[in-house]
Amino acid sequence: MNLEELAKKFRAPAFPGSYFLSFEGIEGAGKSTQIVKVKEDLESRGFRVLVLREPGGTSFGEKLRQAILNSQTDLHPVAELHLFASSRAQLLHEVTLKELNVPNTVIIYDRYIDSTLSYQGNARKLGFETVLQSHLAFPLTLVPHLTFYLKIPADLSHGRQKLRNAPKDYFEKQGDDFYEALVSGYEKACELFPNRILTINGNQDVESVFSDIKGHLDQLILENSPRPEN
Ligand code: T5A
């Protein structure tokens with residue numbers, strides 16, 4: 001199967017009235033900042049909103065998160081791939097699929113499969129085929145209705161990380177080449193999934209980034225609202 005054929009195996013879940021969204025971007029792109037604002041906005045429209053993070057979100061997933069992000073040894077990229085996929089499968093099974101079944105729910109993921117494509121597939125050089133093939137068993141074939149890719153350049157990521165002044169985790173210690181490969185990995189993911197992934201300019205003030213995201217959310221909700229009867 002070529003890459004385009006593989007990509008077609010991935011579908012958004014069909015739960016009427018509920019949505020699955022994800023946020024993507026390199027370190028410091030502003031994902032967590034925007035998720036807080038999107039949650040508030042959707043709640044004000046009457047949705048029940050759950051925010052989940054990857055890796056993590058379940059007690060099993062949080063243990064995997066610690067194992068990866070606090071690892072003192074270099075992990076093999078295949079080990080990384082399967083750790084992230086394990087955390088993802090458990091989160092889908094334990095939380096996401098059950099919660100989406102409740103009408104008027106929005107599940108927001110802070111990172112999902114596009115992180116694996118960019119980090120393990122591109123920057124760690126496993127290739128997109130290897131990543132997608134490792135996700136061909138349900139529930140890993142599920143993808144969000146919309147993914148917001150907050151695009152910032154690598155140097156802005158380093159600048160925001162410095163400002164935060166927190167200890168660097170496993171991936172934050174990587175050099176410039178790794179960050180450039182992350183950006184190009186996200187570009188490739190956007191080309192492969194053009195209808196699902198929306199690129200948002202993350203190099204704007206917080207309110208302008210939110211306004212761009214809100215425009216797309218308005219459209220998604222409008223398109224899926226029941227039409228008034230004549
Ligand atoms: N990973 C994960 C993989 O390798 N493969 C996978 O499959 C998955 C799922 C997870 C790590 O695991 C890797 C990727 C990651 O390395 P994480 O902690 O969940 O790590 O994710 P991070 O991206 O590291 O989280 P960050 O907090 O660094 O980034 P955010 O959430 O994008 O950024 P945010 O919102 O916290 O903002 C960062 C700083 O910038 C400021 C904020 O105030 C904050 O100080 N900021 C802005 N400043 C100016 N203008 C704006 N528009 C701003 N927006 C935010």
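All of these numbers come straight from a predicted model, not from anything done at the bench. Positions are given from 1 along the sequence.
With contacts defined as side-chain heavy-atom distances shorter than 4.5 Å, the pair Asp110/Leu52 does not qualify. Counting heavy atoms from C-beta on, the side chains of Leu21 and Leu42 come closer than 4.5 Å. Put simply, the side chain of Tyr149 reaches to within 4.5 Å of the side chain of Glu187, judged on heavy atoms. The shortest distance between side-chain heavy atoms of Leu97 and Asn101 does not fall below 4.5 Å. Looking at Ser86 and Phe60, their side chains come closer than 4.5 Å, going by heavy atoms from C-beta outward. Using a 4.5 Å heavy-atom threshold, the side chains of Lys214 and Gln219 count as separate. For the pair Leu100 and Tyr19, the minimum side-chain heavy-atom distance is 4.5 Å or more. The closest side-chain heavy-atom distance from Ile26 to Ile152 is below 4.5 Å.
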What pairs of donor and acceptor atoms, side-chain ones from residues 126-136 against any protein atom, are under 3.5 angstrom apart with sequence neighbours left out?
| unit_1 | atom_1 | unit_2 | atom_2 | d |
| --- | --- | --- | --- | --- |
| Thr130 | OG1 | Leu126 | O | 3.0 |
| Ser134 | OG | Val131 | O | 2.6 |
| His135 | ND1 | Val131 | O | 2.9 |
| His135 | NE2 | Arg88 | NH1 | 2.8 |

Please list, one pair per line, the donor and acceptor atoms closer than 3.5 Å that link side chains of residues 137-148 to other protein atoms, with sequence neighbours excluded.
| unit_1 | atom_1 | unit_2 | atom_2 | d |
| --- | --- | --- | --- | --- |
| His145 | ND1 | Phe20 | N | 3.0 |
| His145 | NE2 | Pro13 | O | 3.1 |
| Thr147 | OG1 | Ser22 | OG | 2.8 |
| Thr147 | OG1 | Arg196 | NH1 | 2.7 |

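Sorted by first and then second residue, the salt bridge (Lys or Arg N to Asp or Glu O under 4.0 Å) pairs with a member in residues 16-38 read Lys37-Glu207; sequence neighbours excluded.
For the residue pair Asn2 and Glu4, the shortest heavy atom distance occurs at OD1-N, 3.1 Å. In plain terms, the two heavy atoms of Ile35 and Phe23 that are nearest each other are CG1-CD1, 3.5 Å. The shortest non-hydrogen separation linking Cys190 to Ile197 is SG-CG2, 3.7 Å. The shortest non-hydrogen separation linking Ser115 to Tyr186 is OG-OH, 3.3 Å. Listed here is the closest heavy atom pair of Gln204 and Val209: O-CG2, 3.7 Å. Closest of all the heavy-atom pairs between Tyr170 and Gln174 is O-NE2, 3.8 Å.
Salt bridge annotation for Glu43-Lys39: present, with a cationic side-chain nitrogen under 4.0 angstrom from a carboxylate oxygen. Remark: Arg65 does not engage Glu54 in a salt bridge, criterion side-chain N to carboxylate O under 4.0 Å.
In this structure, Asp205 CG and Phe210 CZ are separated by 12.5 Å, a value rounded to the nearest 0.5 Å. Rounding to the nearest 0.5 angstrom, the gap separating the CG atom in Leu150 from the CG atom in Asp212 is 10.0 Å. For the atom pair Leu75 CG and Gln120 CD, the distance stands at 10.0 Å (nearest 0.5 Å). Separating the CG atom in Leu182 from the CG atom in Leu117 is a distance of 12.0 Å, to the nearest 0.5 Å.
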request  = Show your working on side chain to side chain contact (heavy atoms under 4.5 Å, CB included) between Gln34 and Ile200 and close with a plain yes or no.
outcome  = CA-CA 11 Å; Gln34 293 299 325; Ile200 305 289; over 6 Å; no
key: Worked check of salt bridge (Lys or Arg N to Asp or Glu O under 4.0 Å) between Arg160 and Asp155   = CA-CA 9 Å; Arg160 287 188 185 168; Asp155 56 352; over 6 Å; no
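Defined by atom type and a distance below 3.5 Å, a donor-acceptor pair is present between the side-chain atoms of Gln161 and Ser157. Using modelled atom types, one finds a donor on one side chain and an acceptor on the other under 3.5 Å when comparing Asn122 with Lys188.
Hydrophobic clustering, with ILVMFWY side chains joined whenever heavy atoms are under 4.5 angstrom apart, groups Leu198 together with Ile108. Under the 4.5 Å side-chain heavy-atom criterion for ILVMFWY residues, a single connected hydrophobic cluster contains both Leu91 and Leu81. Residues Tyr179 and Val183 share a single hydrophobic cluster, defined by chaining ILVMFWY side chains whose heavy atoms lie under 4.5 Å apart. Cluster annotation: Tyr109 is connected to Ile113 through the hydrophobic network of ILVMFWY side chains, with a link wherever side-chain heavy atoms come within less than 4.5 Å. Clustering ILVMFWY residues whenever any of their side-chain heavy atoms sit less than 4.5 angstrom apart, transitively, puts Leu220 in the very cluster that holds Ile213.
Taking the six-membered ring wherever Trp is involved, the centroid distance between the rings of Phe171 and Tyr119 falls below 6.0 Å.
Listed by chain and number, the residues in a ring-ring contact (aromatic ring centres under 6.0 Å, His included) with Phe193 amount to none (sequence neighbours excluded). Applying the side chain to side chain contact (heavy atoms under 4.5 Å, CB included) test to Arg48 and every residue at least two apart in sequence or in another chain returns Leu50, Glu99, Val102, Thr105. The side chain to side chain contact (heavy atoms under 4.5 Å, CB included) search around Ser87 returns Pro55, Leu64, not counting sequence neighbours.
The environment of CG in Asn70 is crowded: more than 12 heavy-atom neighbours from other residues, nucleotides or ligands sit within 6.0 Å. More than 12 non-hydrogen atoms from other residues, nucleotides or ligands lie less than 6.0 angstrom from NZ of Lys173. Counting non-hydrogen atoms of neighbouring residues, nucleotides and ligands closer than 6.0 angstrom, the NZ atom of Lys9 reaches no more than 12 such neighbours.
In this structure, the side chain of Arg124 does not engage the main chain of Thr116 through any donor-acceptor pair within 3.5 Å.
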